[in-house]
Number of protein chains: 2
Amino acid sequence: MSSTAQTHGRPRRAPTMADVAQRAGVSHQTVSRVLSNHPNVRDTTRAEVQRAIDELGYRRNSSARALVTRRTLTLGVVACNPTLFGPASMLFGLEEAARDEGYMASAVTLRRYTAKALEEAIDHLSEWGVEGIVVIVPHREAVAALAELRLPFPVVTVEGGHTLPIPGVSVDQELGARLATGHLLGAGHRTVWHVAGPPDWLEAEARVKGWRETLEEAGAEVPPPLVGDWTPLSGYRAGQELAGRVAAGSARRSAADVTAVFVANDQMALGVLRAFREAGLSVPGQVAIAGFDDIPEAEFFAPPLTTVRQDFAAVGQASIRLLVDRLEAGGLPDDERVVIEPRLIVRRSSTLT
Amino acid sequence: MSSTAQTHGRPRRAPTMADVAQRAGVSHQTVSRVLSNHPNVRDTTRAEVQRAIDELGYRRNSSARALVTRRTLTLGVVACNPTLFGPASMLFGLEEAARDEGYMASAVTLRRYTAKALEEAIDHLSEWGVEGIVVIVPHREAVAALAELRLPFPVVTVEGGHTLPIPGVSVDQELGARLATGHLLGAGHRTVWHVAGPPDWLEAEARVKGWRETLEEAGAEVPPPLVGDWTPLSGYRAGQELAGRVAAGSARRSAADVTAVFVANDQMALGVLRAFREAGLSVPGQVAIAGFDDIPEAEFFAPPLTTVRQDFAAVGQASIRLLVDRLEAGGLPDDERVVIEPRLIVRRSSTLT
DNA sequence: ACAAACTCTGTGAACGCTAACAATGACACT
DNA sequence: AGTGTCATTGTTAGCGTTCACAGAGTTTGT
C-alpha cells in the first residue's frame with residue numbers, strides 16, 4: 001500500500017504516468033482511467049496497471065492534475081491565535097471536516113486582527129491556489145475589511161456577525177449569555193455583574209447584549225460591565241475591582257452589591273476566581289460565577305466552573321459544508337447562515353448546595 | 001446591450017500570463033520575468049507589465065508553476081490533538097516559521113496515534129504534493145511506524161526521540177523533569193512523588209527518567225509513579241490516591257510520606273490540586289506541587305503553579321529550519337538533532353514563604 | 001569602423017496530467 | 001453479410017507556467 005520503496009536503483013526522478021503505462025504495456029490514458037476508477041477498464045488490464053503502479057511506487061502529480069482540472073482541492077483557513085482553546089478547537093474541527101470532504105485545509109494564523117494582516121493572510125493563501133476560504137473573524141475591524149475585499153473565490157465566515165452578504169456560521173453567543181445570566185438570576189441574585197471581552201470582538205459584544213437584555217427583561221439593574229482582554233490576568237484585575245464591591249459581612253446591602261458575575265470566557269473567570277480567593281471571598285458562598293467556553297480545565301477550577309459550552313466541531317463542519325456547497329454547486333445565496341446553539345453547563349461555582 | 005457581458009461581473013476565467021502579455025504588448029516571457037524580478041527588464045517595460053497585472057488582477061497559477069519548477073513550496077505537518085496547549089502552540093509556531101521561509105504549511109491532525117492513522121495522514125499529505133513533512137510524534141508506536149516508512153521526501157520529527165536515523169527537534173524533557181524535581185528536593189523535601197503521563201508517550205517516559213535519576217542521585221527514595229493520561233480528570237484521580245498518603249497531622253512521619261509531587265503536565269496538576277483541596281490539604285503548606293508546560297492558566301491556579309516552560313515557538317522554527325535546509329541543500333546528515341532547553345518557572349505551589 | 005560583449009525581448013519546447021474524440025474488436029440483430 | 005451498439009483502448013491537444021536558447025539593439029574596445 002505505502003511501499004513507496006524505490007530506494008533501490010536510482011531514485012532519479014519520480015515515476016510518471018508514462019512510466020507506469022510503459023511498464024504495464026498500455027497507454028497513459030488507461031493508467032489515468034485506472035487511477036480515477038473509470039468503469040470501462042478490463043479487470044486484467046486494471047490489475048496489471050495496478051501492479052506497475054505498486055512496483056514503481058507511482059503517485060499522481062498533484063500539480064499537473066490541478067493544472068488541467070482547474071481544481072486544487074485546497075481550502076484556506078484564516079484563524080486567530082490558536083493557542084486559545086476556542087480557536088484551536090475550531091481549527092481542528094475545520095481541518096477534519098475538510099479532509100472528510102476530500103479537501104486539504106491550509107491554515108494561516110494571525111497574531112493580530114488588523115485589516116492589513118487579514119489581507120496578507122488571504123493573499124498568502126490565494127498565492128497557493130486555494131479554491132475557497134473560511135475566515136474566522138470574531139473581530140469588528142476584520143469583518144469590515146473582509147467586506148471590502150472582492151475575492152475571486154467563495155468565502156465563508158465564522159463568528160463574523162450577520163451583517164455581511166457573506167455566508168457564515170456562528171454560535172449563538174447572545175443565547176449563551178442569556179443562559180448564563182438567566183441561570184444566575186434564577187438562583188435568586190438581584191442582579192448579575194459582567195466581565196466582558198474586548199469591545200472590538202463581536203463575540204464579546206454579543207455576550208454583553210445577551211447579558212444586558214436578560215437583566216432588563218427581568219427588571220434587574222444593569223451594572224456597568226468591566227472589560228478584559230480574554231486573558232486570565234485581565235480577569236484577575238477585574239476580579240480585584242469587583243471584590244471591592246462585594247458586601248462586606250452583612251452590612252448595608254445595596255442593589256449594586258456584587259453577588260453574581262458572568263465572565264465572558266473561562267480564562268478570565270479563572271482570574272476572577274483567584275482575585276476573589278485572595279480577597280477572602282468564597283465562591284459560590286458569597287459570589288456566584290459563570291464563565292463561557294467550557295475549556296477542559298473548567299471542571300477542575302476551584303470551585304468547578306459553571307460555563308457555556310460551544311460545539312466547535314459542529315461549527316467547523318458547518319462552515320466546510322457551506323464552502324464546499326458553493327464550490328461544487330454555484331449560485332447559492334450569499335446570506336446563508338448557520339447558527340449553532342450553545343449549552344449551559346452548571347457546576348459548583350454558581351450553585352449553593 | 002448584449003447579454004454576453006464578459007468584461008462585466010466576474011470574468012469568465014482567471015486571466016493568464018498571456019492575457020497580461022497581450023495587454024502590455026509584450027511576450028508572456030517578459031511578464032514572467034517581471035514577476036520573478038529578473039534584472040534584465042527595462043524599467044518602462046516593467047512598469048507597463050505591472051500596470052497590466054494590476055488592471056487585470058492577475059495572479060500566477062500556482063499549479064502551472066509547480067508543475068514546471070517541480071516545487072510546490074508546501075510542507076506537511078502531522079500533529080496530534082491540537083486542543084492541548086502544547087501541540088497547538090507547536091502547530092502555531094510551525095505554521096508561522098514555514099510562512100516566514102516562503103512555504104505553506106498544511107497540517108493533518110490525528111485523533112489517535114496508531115501506525116495506520118499516521119500512515120493515512122502522511123498519505124493524505126503526499127497526495128497533495130508536499131515537499132517534506134514535520135511529524136510530531138511523542139508516541140512510541142508512531143515513531144516505530146514512521147521508521148518503517150521509506151518516504152520519497154525529507155521528514156523531520158518533533159519529540160520523536162533520538163533513536164531513529166531521522167533529523168529531529170525536541171525539548172529536553174529529562175532536563176525539565178530534573179529541574180522540577182531538583183527544585184522540590186532543594187526546598188527540603190525528603191522525596192518527590194510523580195504523576196506520570198501515559199507510558200507510551202516518549203515525553204512521559206523522559207520525564208519519569210529525569211525525575212527518577214534526580215532522586216537517585218540525591219540518594220532519595222523513589223516512590224512508585226502514578227500514571228495519568230494528561231487530562232485533568234486523571235490528575236484528579238491520582239491526587240485522590242496521593243491525598244491518602246499525606247501524613248495526617250504530625251503523626252509518625254515516614255520517608256514515603258507525600259510532601260512534594262511533580263506532575264507530568266499542568267492539566268493533571270490542576271486535577272491534583274482539586275483533589276488535595278477536597279481532601280483539605282493545603283498547597284504548598286502540606287504538599288508542594290510542580291507541573292510541566294506552563295499553560296497560560298497555570299499562573300492563576302489555586303495556588304499559582306510552579307511548572308516547566310517549553311519554548312514551542314523555538315521548536316517550530318527549528319524543525320522548519322531543519323526541513324527547509326534539506327529541501328534546499330541535499331545530502332545533509334540524517335541524525336541531526338536540535339534540543340531546546342526548558343525553563344523552570346517557580347510559583348507559589350512549591351514555595352513556602 | 002567592425003567585432004565583441006552586453007542588454008533586453010521573443011520563440012518554442014517541455015512539465016505530467018485529463019478531456020475529447022477516434023479507433024478497434026466483439027457481439028447482437030436485421 | 002451489413003449495420004448498430006457497446007466495451008475497451010489509444011491519440012491528440014491543451015492546461016499556464018518556466019527554461020533554454022535565439023534574435024535584435026546598444027554599447028564598448030581597438
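Quick note on labels: first sequence line is chain A, next is B, and so on, each numbered from 1. Bear in mind that the values here come from a model prediction, so they are computed numbers and not experimental data.
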A.B. asks: Can you work out whether V26(A) or T16(B) has the more 5'-proximal nearest nucleotide on DNA chain D?
C.D. replies: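 Its nucleotide being nearer the 5' end, the pick is V26(A).
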A.B. asks: The side chain of M17(B) is closest to which nucleotide in this list: dT9(C), dG16(C), dT18(D)?
C.D. replies: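 That would be dT18(D).
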A.B. asks: Does a side-chain N or O from T30(B) land closer than 4.0 Å to OP1 or OP2 of dC8(C), or not?
C.D. replies: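 For dC8(C), OP1/OP2 do not have a side-chain N/O of T30(B) under 4.0 Å.
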A.B. asks: In residues 33-47 of chain B, what residues come within less than 4.0 Å of DNA chain C, judged by heavy atoms?
C.D. replies: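 Residues of residues 33-47 of chain B that come under 4.0 Å of DNA chain C are, in numerical order, R33(B), N40(B), V41(B), R42(B), T45(B).
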A.B. asks: Do Y113(B) and R140(B) touch side chain to side chain, with heavy atoms closer than 4.5 Å?
C.D. replies: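 Of all side-chain heavy-atom pairs linking R140(B) with Y113(B), none is under 4.5 Å.
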A.B. asks: Mind checking what makes side-chain contact (heavy atoms from CB on, under 4.5 Å) contact with T163(A), not counting sequence neighbours?
C.D. replies: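 Residues passing side-chain contact (heavy atoms from CB on, under 4.5 Å) with T163(A): none at all.
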A.B. asks: Side chains of H28(B) and T16(B) only: does a donor on one sit below 3.5 Å from an acceptor on the other?
C.D. replies: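 Short answer, no.
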A.B. asks: Please report the shortest heavy-atom distance between V338(B) and L322(B), naming the atom on each side.
C.D. replies: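 Shortest heavy-atom separation between V338(B) and L322(B) comes out as CG2-CD1, 4.1 Å.
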A.B. asks: Among residues two or more places apart or on two chains, list those pairs meeting salt bridge (charged side-chain N to carboxylate O under 4.0 Å, His left out) that have a residue in residues 54-69 of chain B.
C.D. replies: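 Qualifying pairs: D123(A)-R59(B), E127(A)-R59(B), R23(B)-E55(B), R51(B)-E55(B).
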A.B. asks: In whole angstrom, give the distance that lies between atom CG of L56(B) and atom P of dG16(D).
C.D. replies: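 Answer to the nearest Å: 14 Å.
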A.B. asks: Testing the basics here: between L67(A) and A64(B), what is the closest heavy-atom pair and its distance to 0.1 Å?
C.D. replies: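 So the two residues come closest at CD1-CB, 3.6 Å.
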A.B. asks: Could you list the donor-acceptor pairs under 3.5 angstrom formed by side chains in residues 151-159 of chain B, with sequence neighbours left out?
C.D. replies:
residue: E159(B); atom: OE1; partner: Q173(B); partner atom: NE2; Å: 3.4
residue: E159(B); atom: OE2; partner: V171(B); partner atom: N; Å: 2.8
residue: E159(B); atom: OE2; partner: Q173(B); partner atom: NE2; Å: 3.2

A.B. asks: With sequence neighbours excluded, what pairs up with Q22(A) under the side chain to side chain donor-acceptor pair (under 3.5 Å) test?
C.D. replies: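 In terms of side chain to side chain donor-acceptor pair (under 3.5 Å), with neighbours along the sequence ignored, Q22(A) is linked to no residue.
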A.B. asks: How does protein reach along nucleotides 22-28 of chain C, written 5' to 3' as B (base within reach of a heavy atom under 4.0 Å), S (only sugar-phosphate), or - (no contact)?
C.D. replies: -------
A.B. asks: Atom NE2 of H28(A) and atom C1' of dG16(C): how far apart are they, to the nearest Å?
C.D. replies: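 That distance rounds to 10 Å.
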A.B. asks: What pairs with L164(A) under side-chain contact (heavy atoms from CB on, under 4.5 Å), at least two apart in sequence or on another chain?
C.D. replies: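 If we apply the side-chain contact (heavy atoms from CB on, under 4.5 Å) test to L164(A), skipping adjacent residues, the hits are V143(A), A147(A), I166(A).
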A.B. asks: CD of Q29(A) versus P of dG10(D): gap in Å, rounded?
C.D. replies: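 Nearest whole value for this atom pair: 10 Å.
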A.B. asks: Take the protein atom CD of E127(B) and the nucleotide atom P of dC17(C), then report the distance between them rounded to whole Å.
C.D. replies: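 In whole Å, dC17(C) P lies 12 Å from E127(B) CD.
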A.B. asks: OP1 or OP2 of dT18(D) sitting under 4.0 Å from any side-chain N/O of S32(B)?
C.D. replies: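 Looking at the OP1 and OP2 atoms of dT18(D), one of them is under 4.0 Å from a side-chain N or O of S32(B).
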A.B. asks: Please enumerate all residues that pass side-chain contact (heavy atoms from CB on, under 4.5 Å) together with A115(A), with sequence neighbours excluded.
C.D. replies: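 A115(A): side-chain contact (heavy atoms from CB on, under 4.5 Å) contacts with E141(A), A145(A).
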A.B. asks: Counting only heavy atoms and a strict 4.0 angstrom limit, can you tell me which residues of residues 59-69 of chain B come near DNA chain C?
C.D. replies: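 L67(B), V68(B) - these, ordered by number, are the residues of the stretch whose heavy atoms sit under 4.0 Å from the strand.
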A.B. asks: Under 3.5 Å, side-chain donor or acceptor atoms of residues 97-112 of chain A against the rest of the protein: list the pairs with distances, not counting sequence neighbours.
C.D. replies:
residue: R99(A); atom: NE; partner: E95(A); partner atom: OE2; Å: 2.8
residue: R99(A); atom: NH2; partner: E95(A); partner atom: OE1; Å: 2.8
residue: R99(A); atom: NH2; partner: E95(A); partner atom: OE2; Å: 3.4
residue: R99(A); atom: NH2; partner: T109(B); partner atom: O; Å: 2.9
residue: E101(A); atom: OE2; partner: R321(A); partner atom: NH1; Å: 2.6
residue: Y103(A); atom: OH; partner: R71(A); partner atom: NH2; Å: 3.2
residue: Y103(A); atom: OH; partner: E328(A); partner atom: OE2; Å: 2.9
residue: S106(A); atom: OG; partner: S106(B); partner atom: OG; Å: 2.5
residue: T109(A); atom: OG1; partner: E95(B); partner atom: OE1; Å: 2.7
residue: R111(A); atom: NE; partner: E96(B); partner atom: OE2; Å: 3.1
residue: R111(A); atom: NH2; partner: E96(B); partner atom: OE1; Å: 2.8

A.B. asks: Find the bend of the helix from dA1(C)-dT30(D) to dT30(C)-dA1(D) as the angle between its two terminal axes (five pairs each), to the nearest 10°.
C.D. replies: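 The end-segment axes of the helix from dA1(C)-dT30(D) to dT30(C)-dA1(D) are tilted 50° relative to each other.
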A.B. asks: Considering non-hydrogen atoms only, spot the tightest contact between A121(A) and V78(A) and give its length.
C.D. replies: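 Scanning both residues completely, I find the closest heavy atoms to be CB-CG1, 4.1 Å.
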A.B. asks: Does A47(B) have any side-chain contact (heavy atoms from CB on, under 4.5 Å) partners at least two apart in sequence or in another chain, and if so, which?
C.D. replies: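 For A47(B) there are no side-chain contact (heavy atoms from CB on, under 4.5 Å) partners, ignoring immediate neighbours.
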